[in-house]
Protein chains: 2
Amino acid sequence: MLQRLRDRGWRLTAQRRVVAEVLAGEHVHLTADAVYSRAQLLLPEISLATVYNTLNELVDMGEVREIATGDGPRRYDPNTGAMHHHLYCIDCGALRDVNPTGADRLLLSPAEQHGFQVLGVDIVFRGLCPDCRAAAAPHLAATASR
Amino acid sequence: MLQRLRDRGWRLTAQRRVVAEVLAGEHVHLTADAVYSRAQLLLPEISLATVYNTLNELVDMGEVREIATGDGPRRYDPNTGAMHHHLYCIDCGALRDVNPTGADRLLLSPAEQHGFQVLGVDIVFRGLCPDCRAAAAPHLAATASR
DNA sequence: GTATATGCAAAGCATTTGCATTAAA
DNA sequence: TTTAATGCAAATGCTTTGCATATAC
């Protein structure tokens, strides 16, 4: 990926490399702030502004996907290959990938597009993650965390 | 609707009535600021904070739906009856309802829920509205506005 | 009369931007 | 050497909050 970006004329700085490494190493979908914290462990002098700049560049280049949860900060998803959707916990903010069978059937017919040129679709299922379910109804769960 | 809310113990103030009126009268999905502008025409002394408070109350009460577009401010959709999705213009911010055939098939099987308790799903198709398409490629359009 | 909503202004949070400095190519 | 990226701090945009005043019930 770094090679691909360099070929596109991207200047490869220590900061950018670190941001890319952090994203690639994570299966979860980090916030800009979380990327910043992890990046600081590898490169203490990196700034939050640079993290934001870099994330936006990666998004513009199609290397990273931005996910809006509706509340709280944006998340960054390094998995741009396979088309997929997300499960979001409205309580703790946990966010994970999900691939609903039949989601590929969710297309708009020309009439349904109302003249729009549709470029993509964002699908977020919202609810409670296993941990927060347990916390909300401890008597129903075997393990009550939080 | 106002009656319903009063029955639930909602104090009916001029401000709340005006916010509800503004929302009901609009087919488009307004931002808090747009609600504020329209409300001011009916009640000049209303404050933006009250508009926000009222909108949040209506959302909590299930009378209004909040839509996150990913960029820009939140939108408020007074149509909570029929389940539907949205078309969003990434250029001008236009937002309209859409009801894709087959969208009701978009459910997660128990295995796909990964232990989440799914409470709802937000689906936003993003692209360019007719006007912005025309503006982006004037040579392809009969009518180039903007 | 009492509890609750209001307006105002200030605070909050996530994100972007201007600009002098630094580093990649 | 040249051009672009960085860090910092300030600015931005949206939304929430604290508190004294006003108002619905």
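To find a chain, count down the sequence lines: A is the first, B the second, and so on, and within it residues start at 1.
D/dA24 atom C1' lies 15 Å from atom CG of B/Leu5, rounded to whole Å. When rounded to the nearest whole Å, the span between CD of A/Gln40 and C1' of D/dG7 equals 12 Å. In this structure, the CG atom of A/Leu58 is 12 Å from the P atom of D/dA5, given to the nearest Å. A straight line from CD of A/Glu57 to C1' of C/dA24 spans 14 Å, rounded to a whole angstrom. Residue B/Arg8 contributes atom CZ, which lies 14 Å from atom P of C/dA5 at whole-angstrom precision. Taking atom CG of B/Asp60 as the reference point, atom P of D/dT16 lies 10 Å away to the nearest angstrom. Rounded to a whole Å, the CZ atom of A/Arg17 is 12 Å from the C1' atom of C/dA23.
Here the nucleotide nearest the side chain of B/Arg11, chosen from C/dA23, D/dT6, D/dA24, is D/dA24.
In this structure, the separation between CZ on B/Phe116 and CD1 on A/Ile90 is 10.5 Å, given to the nearest 0.5 Å. Note: B/Leu48 CG to B/Gln40 CD = 8.5 Å, rounded to the nearest 0.5 Å.
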Could you run through nucleotides 7-18 of chain C and give me one letter per nucleotide, 5' to 3': B if any protein heavy atom sits under 4.0 Å from the base, S if only the sugar-phosphate is that close, - if neither? BB-----SBBB-
B/His84 and B/Arg65: CA distance, side-chain angles, deciding distance, side-chain contact (heavy atoms from CB on, under 4.5 Å) verdict: CA-CA 11 Å; B/His84 63 280; B/Arg65 184 169 155 199; 3.8 Å; yes
Between B/Thr69 and B/Val124, does a side-chain contact (heavy atoms from CB on, under 4.5 Å) hold up when you go through it step by step? CA-CA 8 Å; B/Thr69 58; B/Val124 178; over 6 Å; no
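Within the 3.5 Å criterion, the main-chain N or O of B/Asp71 finds no donor-acceptor partner in the side chain of A/Arg74. Between the side chain of A/Arg38 and the backbone N or O of A/Val22 there is no donor-acceptor pair closer than 3.5 Å.
For the residue pair A/Glu57 and A/Asn53, no side-chain donor N or O sits within less than 3.5 Å of a side-chain acceptor on the partner. With hydrogens and angles left out, the side-chain atoms of A/His86 and A/Asp97 include a donor and acceptor closer than 3.5 Å.
Put simply, the side chain of B/Arg16 and the base of C/dA5 share no donor and acceptor less than 3.5 Å apart.
When hydrophobic residues (I, L, V, M, F, W, Y) are linked wherever their side-chain heavy atoms come within less than 4.5 Å, A/Leu41 remains an isolated member.
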Under the 3.5 Å Watson-Crick or G-U criterion, the dot-bracket string of DNA chain C, with | for inter-strand pairs: |||||||||||||||||||||||||
